[in-house]
Protein chains: 2
Amino acid sequence: MNANIHIVEDEQSIVTLVEYNLSKEGFKVNSSTNGEDGFKAIKDTNPDLVLMDWMLPDLSGVEICKLLKKNEKYKNIPIIMLTAKGEEEDKVKALNIGADDYITKPFSFPELLARIKALLRRSKPSVAEDIISFGDLKIDRITRKVYRANKQIDLGPTEYNLLDFFIKNPKRVYSREQLLTNVWGDNINVESRTVDVHIRRLRQAINLEGTKDLIRTVRAAGYSLDN
Amino acid sequence: MNANIHIVEDEQSIVTLVEYNLSKEGFKVNSSTNGEDGFKAIKDTNPDLVLMDWMLPDLSGVEICKLLKKNEKYKNIPIIMLTAKGEEEDKVKALNIGADDYITKPFSFPELLARIKALLRRSKPSVAEDIISFGDLKIDRITRKVYRANKQIDLGPTEYNLLDFFIKNPKRVYSREQLLTNVWGDNINVESRTVDVHIRRLRQAINLEGTKDLIRTVRAAGYSLDN
DNA sequence: CAAAACTGTTACAGTTTTATTACAAAAATA
DNA sequence: TATTTTTGTAATAAAACTGTAACAGTTTTG
């Protein structure tokens with residue numbers, strides 16, 4: 001498991017708890033504490049799954065859910081709604097507005113985890129799977145080994161994370177900023193040009209003599225794993 | 001034998017008895033006295049085998065069994081159902097809902113043990129076996145002796161446990177935290193750096209002059225038994 | 001075509017992570 | 001209880017990795 005999860009929740013205690021536990025499970029977690037920021041961050045970072053409070057300051061979780069599900073580009077991001085009241089009625093409503101699952105507070109972490117995993121397995125096998133391939137490039141998250149044309153490749157931690165991120169959404173172009181937040185983490189302070197250097201290192205490691213560069217540079221936009 | 005077994009049973013006398021005897025056999029045993037807790041604990045600790053009462057307060061054993069067998073992640077955990085009545089009909093029912101074996105109370109401990117071993121041998125050879133190898137490294141759980149290239153090696157208790165854990169999932173990378181909780185135990189207070197020292201001791205003991213290090217360091221991730 | 005904007009590459013200093021060692025305290029054993 | 005073994009930690013050394021800056025090269029724009 002190596003998915004990016006975005007939490008939109010104004011109760012700091014829940015954010016802290018969930019963030020801590022999900023990180024321990026190997027997820028990359030980002031969070032926002034209000035609807036406005038949350039919506040922006042989701043569009044920006046394209047998480048693999050969203051955990052969202054039902055009620056939120058300003059833009060409500062319900063609204064965001066509707067907006068996302070209406071948008072072709074984001075409609076496939078699974079959304080789990082969190083709510084304080086355990087009314088059946090709300091559950092129906094949640095599913096109606098397009099949420100993929102629904103969990104009532106207080107919830108146990110294992111329960112949340114089970115639901116997250118189930119959703120991910122369904123919606124994004126490439127994120128949930130332990131072994132992913134792209135062409136003759138293979139990455140094994142259990143052994144943390146990377147192969148190109150069946151030959152093992154050594155990657156440093158950052159290059160490994162970068163590749164792991166790229167391979168979840170091949171061909172998609174990510175800006176340096178998106179790569180920084182998704183691979184490096186949220187409130188980190190790193191020059192965006194630093195991405196270039198790691199891209200170079202990754203290229204050097206995964207590209208084979210005489211074959212096409214697996215990483216495509218998109219001028220003024222960013223990079224993508226492509227062929 | 002070195003498997004984790006979880007018991008879900010509300011009769012304390014049975015729990016105590018079975019727990020005591022299984023521990024003596026080398027199993028790690030945990031137990032819950034009601035269905036709710038049991039289900040949670042099983043999902044949480046992912047035991048190698050479950051021993052479950054047919055009738056339970058709140059969530060019944062039958063229900064838990066069904067739930068587990070429906071879940072991709074837990075469906076392979078072997079389940080032995082315990083029941084007071086020895087009716088053939090129940091046996092059929094048990095097997096129908098996915099239980100792997102069925103034993104009626106009162107039962108003799110040797111009988112239970114035989115069934116447990118049989119199931120484990122079938123489902124998880126690496127856990128059930130008394131002698132496990134990885135390459136020319138061999139570990140005998142009965143005599144608690146370790147061999148490399150047929151020559152016996154002396155290991156301290158912690159190094160032995162570490163190796164025993166590694167060898168169950170060779171090549172898999174474990175973080176220091178995972179190693180601490182799995183080898184040292186759950187609520188223990190040990191510096192994660194201490195793992196490094198024991199890794200060194202283990203390396204020193206099992207590695208042969210002039211051969212590749214059997215333990216792989218994965219920077220920013222942990223260690224694995226590899227070659 | 002020149003200027004501007006953007007990307008590629010390199011080297012290196014600084015940082016982080018891991019390895020190794022020695023040692024005192026704790027635990028097991030005789 | 002004395003002796004031996006094992007343990008965890010802290011300190012230091014070594015190795016690996018990272019980020020930046022500088023400059024070269026390339027592409028786009030005016």
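Numbered from 1 within each chain, the chains take letters A, B, ... in sequence-line order.
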| task | Ignoring backbone atoms, establish whether B/W184 has a side-chain N or O less than 4.0 Å from OP1 or OP2 of D/dG8. | result |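 Checking D/dG8 against B/W184, a side-chain N or O does come within under 4.0 Å of OP1 or OP2.
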| message | If I compare all heavy atoms of A/N46 with all of A/R172, which pair ends up nearest, and what's the gap? | response | ND2-NH1, 2.8 Å
| said: How close do B/V173 and B/A221 get, counting heavy atoms only, and between which atoms? | reply: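 Heavy atoms only, the tightest pair is CG1-CB, 4.0 Å.
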How many Å lie between [atom1] on [X] and [atom2] on [N], as a whole number?
{"X": "A/R200", "N": "C/dG8", "atom1": "CZ", "atom2": "P", "answer": "10 Å"}
{"X": "B/D154", "N": "D/dT4", "atom1": "CG", "atom2": "C1'", "answer": "14 Å"}
{"X": "B/H198", "N": "C/dT18", "atom1": "NE2", "atom2": "P", "answer": "17 Å"}
{"X": "B/E177", "N": "C/dT17", "atom1": "CD", "atom2": "C1'", "answer": "14 Å"}
{"X": "B/R144", "N": "C/dA28", "atom1": "CZ", "atom2": "C1'", "answer": "14 Å"}
{"X": "A/N161", "N": "C/dT17", "atom1": "CG", "atom2": "P", "answer": "12 Å"}
{"X": "A/R193", "N": "D/dT18", "atom1": "CZ", "atom2": "C1'", "answer": "16 Å"}
{"X": "B/I199", "N": "C/dT21", "atom1": "CD1", "atom2": "C1'", "answer": "17 Å"}

| request: Verify whether one side chain among B/T181 and B/R176 offers a donor that lies under 3.5 Å from an acceptor in the other. | output: no
Which one, [options], comes nearest to the side chain of [X]?
{"X": "A/D196", "options": "C/dT18, C/dT9, D/dT27", "value": "C/dT9"}
{"X": "B/V197", "options": "D/dG19, D/dT9, D/dT7", "value": "D/dT9"}
{"X": "A/T217", "options": "C/dG8, C/dT20, D/dT7", "value": "C/dG8"}
{"X": "B/R201", "options": "D/dC17, D/dG8, C/dG8", "value": "D/dG8"}

| message | Judged by each residue's nearest nucleotide on DNA chain C, which is more toward the 5′ side, B/A220 or A/V218? | response |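 Taking each residue's closest nucleotide, the earlier one in sequence belongs to A/V218.
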| query | Nearest 0.5 Å, what's the OG1-NE2 distance between A/T45 and A/H6? | reply | 6.0 Å
| field | Check: A/R203 side chain, C/dG8 base, donor-acceptor under 3.5 Å | value |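 No such pair is found, so the answer is no.
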How would you label the contact of [X] with the nucleic acid (heavy atoms, under 4.0 Å): base, sugar-phosphate, or nothing?
{"X": "B/T194", "result": "base"}
{"X": "A/R176", "result": "sugar-phosphate"}
{"X": "A/Y160", "result": "nothing"}
{"X": "B/Q204", "result": "nothing"}

| request: For A/R219 and for A/E191, find the nucleotide of DNA chain D with the closest heavy atom, then tell me which residue's nucleotide is more 5'. | output: A/E191
| Nearest-nucleotide comparison on DNA chain D, the residue closer to the 5′ end among A/N189 and A/L155 |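 Of the two residues, A/L155 wins.
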| Do A/Y174 and A/F165 make the cut of ring centroids closer than 6.0 angstrom? |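 Yes, the ring of A/Y174 comes within the 6.0 Å limit of the ring of A/F165, centre to centre.
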| query | Salt bridge or not for A/K28 and A/D164, using N-O below 4.0 Å? | reply |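 So A/K28 does not pair with A/D164 through a salt bridge.
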